[in-house]
Trainee: 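Let me begin by handing over the structure; questions about it come next.
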Amino acid sequence: MADQLTGERLLDDMSEDERARAERVESVLPALRAAAQRADAEGDFPVEHVALLREAGLLGLVVPREHGGLGGTLRDLAAATFAMGTACPSTALAYFFHNTSASRGLLPLEAIEAGLFDEEEIPPVRAFATKVLDRMGSGVWLANFASESVKSSGANITIATTARRTDGGWVLDGEKSFGCATGVADYYLTTAKLEGHETAEGLATFFVPRDAAGVSTRAAWDGLGMRATANNGIRLDGVFIPQDEALTIPGAFTRMLRMSRGSFVGNQLAIAAVYTGCAQNVFDEVVGQLTRKTFADTGRPIASSPMHQQLIGEMSVNLETAYLWLRRQLDLETSQPPLRPKPEVFRQWRMGKGSVTEACFQVALGAFKASGTSGAMMGGVVGRALRDLAMGLVMTFPAERGRLEVAQMVTQAKENELFTTAERP
């Protein structure tokens with residue numbers, strides 16, 4: 001039997017093609033692992049990883065073969081981000097966001113096939129979607145910039161960046177507070193609202209070249225989380241974007257989202273796979289250390305003490321909890337035919353995201369307790385994992401918000417069942 005690939009710890013039923021793609025991922029893990037500690041300490045994305053991933057063909061992992069990619073799916077992406085998460089979570093996270101850009105190509109094409117665009121709209125939609133996929137398939141790194149510091153009570157992501165029409169294209173103004181690969185990616189795939197629109201119907205997508213006039217980098221991000229993601233964010237001050245580098249048809253963004261199987265643009269579970277990979281790595285490292293080290297007086301492994309047995313048991317349960325939620329969501333979003341209607345898949349994700357990330361953080365917390373003061377080093381595996389996995393507690397939305405939304409979905413559906421009509425006596 002062939003040696004198990006790292007990605008197979010998550011995806012244990014890989015097809016032959018999936019395993020071939022996973023082998024490409026496996027080939028880059030030693031270099032990612034070797035750079036992880038230095039990258040974390042310096043807080044800088046290892047730029048050499050761009051060429052590494054490009055040469056392995058992985059920048060086109062989920063891009064169809066007809067566009068120059070490897071033809072992978074969400075299953076491949078989840079296995080890849082999980083595997084990379086065991087080596088360098090920062091690179092895994094940045095890589096995840098690059099791959100989310102593919103949805104801006106895949107979903108519009110599916111929406112065309114579903115008849116969601118009229119004849120006049122199809123050519124520009126198809127041209128933009130094809131450009132996204134062709135660029136990714138050729139090894140272009142795309143950073144996906146949507147999130148902003150502006151918040152609203154009714155949405156997880158609020159877009160304040162504006163796009164106003166000008167001769168030959170559009171002018172962008174705004175600030176993106178969160179987006180991996182700042183200063184690293186070739187293009188920033190940027191979401192903005194069209195001038196004169198105040199609803200999601202006015203959201204549009206633009207290719208913003210990294211070095212375009214008016215583009216600047218925000219202050220270095222020194223946050224609690226994955227420190228080497230180049231997560232500084234950008235400012236856009238009168239940035240001109242030609243019309244053929246944008247998808248600005250009103251309603252195009254919301255129509256393409258209708259094609260997603262579940263979470264947002266259909267690939268969000270792969271970010272939870274990053275955290276699960278990180279949790280698996282810190283578990284392996286600490287259990288390995290505890291079984292190798294012995295008590296001076298008895299010669300027994302430290303892992304044999306009742307306290308450490310309890311902590312290892314709790315870590316095991318939390319790690320398996322993360323796997324169960326993640327694999328279930330993966331089944332719901334990739335099975336053919338679909339196992340559940342889209343609203344149920346979406347509801348499952350609202351519960352699952354927080355459940356995975358909280359379980360992963362608990363693994364790191366247990367590792368911290370089990371390793372004691374010797375593990376309390378900022379640059380050590382445990383210290384890095386604690387900080388890396390803390391970000392999962394708030395990334396996109398915390399578990400509490402997801403559970404609140406699920407409760408509202410359930411109770412509102414139940415309220416509707418409480419009322420009916422009857423013939424008047």
Trainee: Between Arg38 and Glu48, is there a salt bridge with N-O shorter than 4.0 Å?
Mentor: yes

Trainee: Hey, what do you get for CG (Asn99) to CG (Leu74), rounding to the nearest 0.5 Å?
Mentor: 10.5 Å

Trainee: Assess whether atom CZ of Phe283 is packed by more than 12 heavy atoms of other residues, nucleotides or ligands within 6.0 Å.
Mentor: yes

Trainee: Do the side chains of Asp222 and Arg227 get close enough for a salt bridge, i.e. N-O under 4.0 angstrom?
Mentor: yes

Trainee: Any salt bridge between Lys369 and Glu314, counting N to O under 4.0 Å?
Mentor: no

Trainee: How about Tyr275 and Phe361: are their ring centroids closer than 6.0 Å?
Mentor: no

Trainee: Tell me yes or no: between the side chains of Gln243 and Thr248, is some donor less than 3.5 Å from an acceptor?
Mentor: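 Side-chain D/A pair, Gln243 to Thr248: present.
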
Trainee: Parallel, tilted or perpendicular, judged at 30° and 60°: which one describes the rings of Phe82 and Tyr323?
Mentor: tilted

Trainee: Strictly below 4.0 Å, N to O, side chains only: are Arg387 and Asp40 in salt-bridge contact?
Mentor: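 Counted as a salt bridge, because a side-chain N and a carboxylate O are separated by less than 4.0 Å.
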
Trainee: Is the Lys NZ or Arg CZ of Arg350 less than 6.0 Å from the centre of Phe397's six-membered ring, within 45° of the axis?
Mentor: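 Output yes; distance and angle both within limits.
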
Trainee: Mark yes or no for whether Ser260, through its side chain, and Leu257, through its backbone, hold a donor-acceptor pair below 3.5 Å.
Mentor: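 Side chain of Ser260 to backbone of Leu257, a donor-acceptor pair under 3.5 Å: no, none is there.
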
Trainee: Taking 4.0 angstrom as the limit, do Asp13 and Arg75 come out as a salt bridge?
Mentor: yes

Trainee: How close do Val239 and Ala213 get, counting heavy atoms only, and between which atoms?
Mentor: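 Val239 and Ala213 have their closest heavy atoms at CG2-O, 3.6 Å.
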
Trainee: Counting only N and O atoms by type, is there a donor-acceptor contact under 3.5 Å from the side chain of Arg403 to the main-chain atoms of Pro398?
Mentor: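 A pair under 3.5 Å: no.
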
Trainee: Under the 3.5 angstrom rule, does the side chain of Arg235 hit a backbone N or O of Glu175 as a donor-acceptor pair?
Mentor: no

